Amino acid sequence: MHIDPHAQGEPRAYGVSVEHEPIGEHLTRPTLTLLLTARRCPVECVFCDLWRHNHAEPTPRGSIPQQIAAAIDSLSSPVSSWSIKLYNGGNFTDPQSIPPADWPAIAELCDPFERVIVENHATMCGDRLLRFHDLLRSKLEVAIGLETSDPNVLARQKKKMTLEDFAQAAEFLRGNDITLRCFVMLQLPYADPERCVGDAVRAVQHAADAGAGFVAIIPTRSDTVEMQQIVASGEFVPPRLRQLETALRESLAWGHAQRLHCVVTADTWDIETVRHCPDCQASRIANIEKMNLTQQPRPLTRCSCR
Ligand SMILES: [Zn+2]
């Protein structure tokens, strides 16, 4: 859902939705997801397009609590067993994006929820994050973009993060009773497109081994000018729906073999835009959604396409 943040004269989240997020086999938790309108992320990873929804100026004080309050007001059910996901297309502890002066109001708005999920860069998970944690009564979960477990590919994404940074952040969260969630990308620029499924599965394993309780596999989009240039240069081949289905299936099969308590999903945001064969697109999306929900690996959709 997209909302013009200025259409009604007050700040609005550019996306508000209620999802039923898997938390185990056939188990889901209702989650209020907000895509907050905020100052754009200063990191500027090569593959990222989230900045398009955000602005260059610092987020004004009061804007974020207003956006959260408006989203909560739109709900009609009790939320005591729910999660609230506050995604700012950047880093929660970036003071230009989420003013720390608003943290007490944000924490209070989140009080009725069981769990609060924010996103943050690995190098920003430190004492500032603990100050927000201290304000919360709800359980805190922090989502970090691991993206890949290949250090050479990671180094070319302009992400300003190493695998060592990630390991330190994971340890810091674990030591402070904060849950880790990770994003990994299916196919990054400058990575071998023939290996993208194996690379994604290895990244899921890397995240789970670091203690992640949830890993989302995101098919890399290429709708920015920068990414289109990399496509034209031949250094990025957009991933296919079949590869997303395979990466999810193999990750779940691995998790089962390891008896891991880590939820793995394929991100279905804009999934209809992922490269596909028209004959099997609908069946593959349905199979992916079923695996997301059941957390069971399922046979791949049969089709004559490759
Ligand atoms: Zn097909």
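Whatever order the structure lists ligands and atoms in, that order sets their numbers, starting from 1. Remember, it's a predicted structure, so these values are computed and weren't measured experimentally.
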Side-chain donor-acceptor distances from residues 256-264 under 3.5 Å, at least two apart:
| residue | atom | partner | partner atom | Å |
| --- | --- | --- | --- | --- |
| His256 | NE2 | Gln295 | O | 2.8 |

- prompt: Can Tyr190 and Phe236 be said to form a ring-ring contact (aromatic ring centres under 6.0 Å, His included), step by step?
  reply: CA-CA 6 Å; Tyr190 317 114; Phe236 176 73; 9.1 Å; no
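When all heavy atoms of Ser81 and Arg29 are compared, the pair lying nearest together is O-CG, 3.3 Å.
The distance cut-off of 2.8 Å around the Zn ion (ligand 1) captures these protein N, O or S atoms, sorted by chain and number: Cys277 SG, Cys280 SG, Cys303 SG, Cys305 SG.
The structure places CD of Glu245 at 8.0 Å from SG of Cys280, a figure rounded to the nearest 0.5 Å.
Taking the six-membered ring where the residue is Trp, Trp82 and Phe113 present perpendicular rings, their angle passing 60° and hence far from 30°. The aromatic rings of Phe132 and Phe92 sit tilted relative to each other, their planes meeting at an angle between 30° and 60°.
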